[in-house]
Amino acid sequence: MKELQERNIQLAQALEKSNAASQAKTDFLGKMSHELRTPLNAIIGFSDLSLLESFGKLPDRYKEYFGDIRKAADHLLTIINDILDAVNLDAGKAKIQLEKIKLKPLVEEVLPLVEAEARSRGVDIAAVTVDDGWAVKADRGRLRQILINLVVNALKFTEQGGSVGIETGTGDDGTVLLTVWDTGIGISHEQQGLIFDGFHQVQADPVIAPTEGTGLGLTISQQLARLMGGDLRVESELEKGSRFTIILPATAKKQKKKRRARKPVRKSA
Ligand code: ADP
């Protein structure tokens with residue numbers, strides 16, 4: 001009996017230590033990300049100013065360098081924002097404001113942000129569209145963030161000549177299913193269980209799919225979907241493509257229309 005009590009005390013102490021370590025990590029990441037943003041904003045601001053050439057024309061080489069600085073700073077800002085987001089979500093600090101969101105206008109808002117990327121990659125995004133009549137209960141900014149993340153990923157992991165699209169549907173329990181599909185490189189069954197873990201990236205072909213991100217996008221997206229009372233799931237088959245489905249509560253009104261697009265992959269498990 002005494003032995004058991006001692007063991008319990010040891011376990012409680014170990015748990016307390018581990019919670020404190022996890023809290024210290026969260027605090028450190030949060031503070032560090034915040035501190036990094038201030039100088040980074042100066043880098044972005046001054047490169048933008050220089051690119052405007054308000055104080056005189058720059059030699060082409062310098063203009064090119066300022067453009068490179070700007071792109072790298074943008075990339076760094078995305079990473080820092082992702083870390084801050086993940087830390088806040090972990091700490092339960094993320095704020096969500098649920099309202100009725102019509103999906104067609106939301107997708108139309110996202111489309112221009114990915115059009116240039118799709119064109120330069122030679123990926124067809126004609127199916128990135130949603131019919132009228134679909135609506136969900138969600139946080140507008142956060143749903144937009146998830147959608148951008150999924151479409152950008154779909155483009156990133158799809159070779160030239162492939163396609164990316166959106167499909168809507170109704171779940172068994174009346175939820176709305178918003179699927180971003182692609183005909184890209186796909187994800188093995190084993191990896192499908194890991195990609196929602198923070199910082200996890202599949203070590204795929206470095207040419208077709210360079211791992212340039214943070215590995216945080218899907219973790220953040222899934223946590224956000226869950227905060228909104230939904231979820232984010234994946235179905236995928238290697239070399240056939242992937243389907244990432246955001247599951248969200250429908251608004252009170254019943255969905256009228258149902259649209260099914262081409263199915264690039266068969267359901268896996
Ligand atoms: P990031 O895109 O920054 O690497 P994510 O969390 O968004 O981070 O994605 C994690 C990993 O999941 C990616 O690095 C990639 O290996 C894999 N992945 C995500 N989306 C797709 C997709 N549509 N097709 C193939 N692999 C994907």
Side-chain angles (χ1 to χ4, degrees), residues 29 33 71-90 94 107 110-111 113-114 117-118 121-125 127-128 142-167 177-227 231-247 261-269:
L29 282 175
S33 311
K71 265 192 231 147
D74 266 346
H75 183 55
L76 196 52
L77 190 62
T78 310
I79 296 175
I80 292 169
N81 284 340
D82 272 1
I83 295 176
L84 257 181
D85 233 7
V87 166
N88 281 336
L89 277 161
D90 254 1
V107 169
V110 168
L111 205 53
L113 307 178
V114 294
E117 183 70 11
R121 285 180 179 268
V123 174
D124 177 13
I125 54 165
V128 176
R142 294 308 207 165
L143 181 56
R144 192 167 173 268
Q145 180 182 351
I146 300 175
L147 204 55
I148 293 172
N149 183 31
L150 295 183
V151 177
V152 167
N153 271 355
L155 284 173
K156 201 159 73 172
F157 298 106
T158 300
E159 296 111 317
Q160 194 178 4
S163 15
V164 167
I166 291 187
E167 186 182 305
L177 311 178
L178 183 63
T179 300
V180 176
W181 58 259
D182 65 65
T183 58
I185 61 168
I187 306 160
S188 71
H189 208 264
E190 187 198 2
Q191 289 291 336
Q192 286 173 38
L194 301 169
I195 50 171
F196 293 104
D197 292 346
F199 301 105
H200 185 84
Q201 295 183 304
V202 182
Q203 291 310 313
D205 187 316
V207 179
I208 301 171
T211 46
E212 61 204 9
T214 55
L216 279 173
L218 287 177
T219 320
I220 294 172
S221 299
Q222 189 178 55
Q223 279 180 283
L224 285 173
R226 287 181 178 171
L227 261 182
D231 209 346
L232 175 62
R233 305 222 177 113
V234 64
E235 296 161 34
S236 184
E237 205 176 312
L238 271 181
E239 288 166 36
K240 293 260 164 63
S242 306
R243 300 166 56 80
F244 282 86
T245 299
I246 313 167
I247 303 162
R262 272 181 298 153
K263 248 195 162 181
V265 282
R266 271 179 283 123
K267 246 191 175 172
S268 69

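Whatever order the structure lists ligands and atoms in, that order sets their numbers, starting from 1.
For Val202, a nitrogen or oxygen atom sits less than 3.5 Å from a nitrogen or oxygen atom of ligand 1, counting backbone and side chain alike. Note: an N/O pair closer than 3.5 Å links Leu218 and ligand 1 by distance alone. The shortest N or O to N or O distance between Asp182 and ligand 1 is under 3.5 Å. The shortest N or O to N or O distance between Gly215 and ligand 1 is under 3.5 Å.
Under 4.0 angstrom from ligand 1, the non-hydrogen atoms of Lys156 all belong to its side chain.
Between the side chain of Asp182 and the main chain of Val164, no donor-acceptor pair closer than 3.5 Å is present. The backbone N or O of Ile146 lies less than 3.5 Å from no partner atom in the side chain of Ser221, so there is not a single donor-acceptor pair. Side-chain N or O atoms of Thr219 include one that pairs as donor or acceptor with a backbone N or O of Phe196 at under 3.5 Å. Of the possible donor and acceptor atoms, none in the side chain of Gln223 sits under 3.5 Å from a partner among the backbone N and O of Ala86. Between the side chain of Asn149 and the backbone N or O of Gly217, at least one donor-acceptor pair lies under 3.5 Å. Under a 3.5 Å cut-off, the side chain of Thr245 and the backbone N or O of Leu178 do not form any donor-acceptor pair.
Set against the non-hydrogen atoms of Leu216, the atoms of ligand 1 under 4.0 Å away are 6 (O), 8 (O). Against a heavy-atom cut-off of under 4.0 Å, Gly217 is close to the following atoms of ligand 1: 5 (P), 6 (O), 7 (O), 8 (O). With ligand atoms numbered from 1 in the order given, ligand 1 contributes 24 (N) to contacts under 4.0 Å with heavy atoms of Ser242.
Asp85 and Arg142 are joined by a salt bridge, as a carboxylate oxygen and a charged side-chain nitrogen come within less than 4.0 angstrom of each other.
The closest approach between Phe244 and ligand 1 falls below 4.0 Å for a heavy atom of the residue.
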